[in-house]
Amino acid sequence: MEFQDNNKSREDQKQEEVKIKEDDKGKKLGGIKTIPFILATELCDRFSTIGFHVNMITYLTQKLNLPLVKASNIVSTFDGTASLTPLIGALIADSFAGRFWTIVVGSIIYELGLISITTTALLKSLRPPPCPTLVGCQEASGFQLNILYFSLFLLAVGLGGTRPCVMAYAADQLDMSKSSVESRSWNFFNWYYISLGFARLTAVTVLVYIQDNVSWGWGLGIPTITMGLAFLVFLSASLLYKKVKPGGSPLVRVIQVIVAAIRKRKAVSPEDPSLLYQNKELDAAISAHGRLLHTTQFKWLDKAAVEKDGEATDSSPPNLWKLATVHRIEELKSFLRLLPVWAAGILLVSANSHNNSFNTQQARTMNRHLSNSFQIPPASMSLFGILTVIIGLVLYERLFVPFARRFTGNPAGITYLQRMGIGLAFNILMSVVAALVPQLSLHGISEVFMSVGQLEFLYDQSPESMRSIALGLFWIASSIGNYLGTFMVSLVHKYSGHKTNWLPDRNLNKGKLDYYYWLVTGIQVVNFVYFVICAWFYTYKPLEEAREKDSEDGAERKGEVELGTAEKLKN
């Protein structure tokens, strides 16, 4: 943790802070003009990842001659690993590296992964002999699989640097305070997700068609080249970005609060919370957009802010292993309150983890001809879900929100938790339909509500100094969910019988895929009940929002308290 030089007077420190703000204002760093440069990396990241991922099952079964379940487990394991690394990247970004350099290093490693996996498609020695009949095929050798695994590992590590940081870095360029967000006629997260939808749409149509009908060399080479160019575009605007300095390790601050609370476990917290230790100057680096206010949850943590004689003086900062500020305690409380709601996303991912692989295999057995000479590639069938997301988000922003606002009075139409709950309900409906008929559009509607709502919730309700970590949680849920999904599919494949196996190795038409979806439906019903209970008891964080207001005498600092009352799903 860095502290200001104790020899400087407070007045000198304040003058320096004002000068820094004036310099930043004069340079006009950040703003909407920087968003295209930042999103270029994210769009090409998604274009390349989705373009390969959505058709990875085809590459593994058709080019590497792997059995369906083994190939599907490789896909979900990669998903799990690529969703685990963002937490590490988030900790690095929030602790010392900052989001800009974390994105830079992550993009370089990701590009190396793309080059490596493209090489496997170009060199015949890295693939087994072709097997058009899919009978008695020679599977990829251990060496060939190790090259594949190494490529996927590089991709997963690279995504760990970009996934938790790009969206947060784009949001850093805008004023994301509550008052500013509510005054805008557009929702950053909705339009961010819409832009990603176009990247995904291009990937599952153009890129997948090239992979299936031209060559995998071009099918993987194009995203490799595109990602390299996008990275150069991102770097070209580096002087325009607003770079938020990391406020020190959030993990260290969390441990400090816990240690201080344990040390003072016998202390008596004052009835008046204003008597707990607070230090605005000490917390300045981690509360630029507002100071968290005291809450009554997890009261035992308040003991960390009980001040004893001699622990805090005006001349030097306190020992943070013995005394914590209210803001730092509330950081931990806010994070703890997130976890039960966040956990609801784990089983959602588990239920959907193998859908893409199974949908692609289902589509392969369908008549996909639009004419005698053209048929839709199996992996491109997911375009219906992506189109639903794009159209659904536009309708959500322009029709649903204004309509809902008339009844709720909420500028966002409905709360984040209500949006997530609706998404979970649609996902249950999707699983029911999946057991009967194709379900891709319903999955898109679920994504409009659940995925975007979860991103909004995690970003808004996390402490500002821990937002990369909070967005990393989004991917951690995906990681755990994919690993659980792999475990579940393996159990179903092993114990559902050999003659009437629900998930056979080669031909899904000989299986009982509908039984698998009924199992998934039951799991999601239980998960939905759990989410409703968590949302019912959730309390939104209270924040004293800091904002600047122009006056005749110049910039005047004002404080605005966001009450953050217990908005719940029942509201």
Side-chain angles (χ1 to χ4, degrees), residues 79-91 93-94 159-160 163-165 167-168 171 189 192-193 250-251 253-254 258 292 295 297-298 301 330-353 412 414-428 446-485 523-524 526-541 543 564 566-569:
D79 288 342
T81 305
S83 300
L84 181 64
T85 55
L87 182 61
I88 301 173
L91 284 170
D94 284 348
L159 289 171
R163 277 182 167 175
C165 296
M167 186 179 71
F189 295 95
Y192 165 84
Y193 220 81
L251 183 59
R253 288 200 302 275
V254 165
I258 295 174
L292 292 171
T295 61
Q297 288 180 305
F298 309 111
L301 290 173
E330 291 301 324
E331 276 191 325
L332 177 54
K333 287 183 180 181
S334 296
F335 202 74
L336 291 175
R337 283 195 295 265
L338 288 175
L339 296 181
V341 177
W342 161 79
I346 294 176
L347 286 180
L348 176 72
V349 174
S350 297
N352 296 330
S353 61
I414 55 178
T415 67
Y416 308 131
L417 296 177
Q418 289 169 338
R419 185 172 186 176
M420 293 167 64
I422 294 173
L424 287 172
F426 269 109
N427 217 65
I428 294 174
S446 173
E447 197 171 350
V448 166
F449 285 89
M450 179 59 189
S451 297
V452 183
Q454 190 176 27
L455 286 173
E456 286 183 296
F457 172 77
L458 291 173
Y459 183 89
D460 182 78
Q461 291 298 296
S462 63
E464 65 178 71
S465 60
M466 302 173 72
R467 278 174 172 161
S468 293
I469 294 177
L471 295 178
L473 282 179
F474 178 85
W475 296 107
I476 291 300
S478 179
S479 173
I480 299 173
N482 276 296
Y483 285 132
L484 286 177
I523 292 173
Q524 292 201 83
V526 174
N527 189 48
F528 178 76
V529 173
Y530 164 79
F531 172 81
V532 170
I533 294 172
C534 292
W536 188 267
F537 289 101
Y538 184 81
T539 301
Y540 284 78
K541 72 177 184 183
L543 181 71
E567 284 186 90
K568 299 171 182 174
L569 191 62

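A perpendicular orientation is assigned to the rings of Phe457 and Tyr540, their planes being inclined by more than 60° (bins at 30° and 60°).
Looking at residues two or more places apart in sequence or on another chain, you find a ring pair (Phe, Tyr, Trp, His ring centres under 6.0 Å) between Tyr459 and Phe189. Applying the side chain to side chain contact (heavy atoms under 4.5 Å, CB included) test to Leu301 and every residue at least two apart in sequence or in another chain returns Val257, Ala261, Phe298, Ile329, Leu332, Lys333, Leu336. In this structure Thr85 satisfies the side chain to side chain contact (heavy atoms under 4.5 Å, CB included) test with no other residue, sequence neighbours excluded. Here Phe474 pairs with nothing under the ring pair (Phe, Tyr, Trp, His ring centres under 6.0 Å) rule; sequence neighbours left out. Evaluation of the side chain to side chain contact (heavy atoms under 4.5 Å, CB included) rule for Ser451 yields Tyr193, Glu447 as partners, not counting sequence neighbours. Take Ala477 and apply the side chain to side chain contact (heavy atoms under 4.5 Å, CB included) test, not counting sequence neighbours, and it matches Trp342, Ile346.
Closest of all the heavy-atom pairs between Met420 and Gly453 is CG-C, 3.7 Å. Closest heavy-atom contact between Cys534 and Val341: CB-CG2, 4.2 Å. Looking at every heavy atom in both residues, Pro250 comes nearest to Met466 through CB-CG, 3.7 Å. Across all non-hydrogen atoms, the minimal contact from Pro86 to Arg163 is CG-CB, 4.1 Å. Considering every non-hydrogen atom in both Asn527 and Ala344, the closest pair reads ND2-O, 2.8 Å.
Looking at Val448 and Val452, their side chains never come closer than 4.5 Å, going by heavy atoms from C-beta outward. Using a 4.5 Å cut-off on side-chain heavy atoms (C-beta onward), Leu424 and Gln524 make no contact.
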If you apply the rule side-chain contact (heavy atoms from CB on, under 4.5 Å), what do you find for Arg337 with Gln461, and how did you get there? CA-CA 9 Å; Arg337 283 195 295 265; Gln461 291 298 296; 6.0 Å; no
Walk me through whether Glu330 and Thr295 qualify under side-chain hydrogen bond (donor to acceptor under 3.5 Å, both in side chains). CA-CA 7 Å; Glu330 291 301 324; Thr295 61; 2.9 Å; yes
Check the pair Leu338, Ser462 against side-chain contact (heavy atoms from CB on, under 4.5 Å), reporting the backbone distance first and the verdict last. CA-CA 8 Å; Leu338 288 175; Ser462 63; 4.0 Å; yes
Begin from the C-alpha positions of Arg253 and Ser465 and carry the test side-chain contact (heavy atoms from CB on, under 4.5 Å) through to its verdict. CA-CA 11 Å; Arg253 288 200 302 275; Ser465 60; 2.8 Å; yes
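With rounding to the nearest 0.5 angstrom, the SG atom of Cys165 is 7.0 Å from the CG atom of Asp94. The CG atom of Leu484 lies 9.5 Å from the CD1 atom of Ile523; values are rounded to the nearest 0.5 Å. The line from CG of Asp460 to CZ of Arg467 is 7.0 Å long, rounded to the nearest 0.5 Å. Between the CG atom in Leu91 and the CG atom in Leu87 there is a gap of 5.0 Å [rounded to 0.5 Å]. The distance from atom OG1 of Thr415 to atom OH of Tyr538, rounded to the nearest 0.5 Å, is 11.0 Å. Rounding to the nearest 0.5 Å places CG of Leu347 at 11.5 Å from CG of Asn427.
In this structure, Tyr530 contributes its side chain and Pro340 its backbone to a donor-acceptor pair below 3.5 Å.
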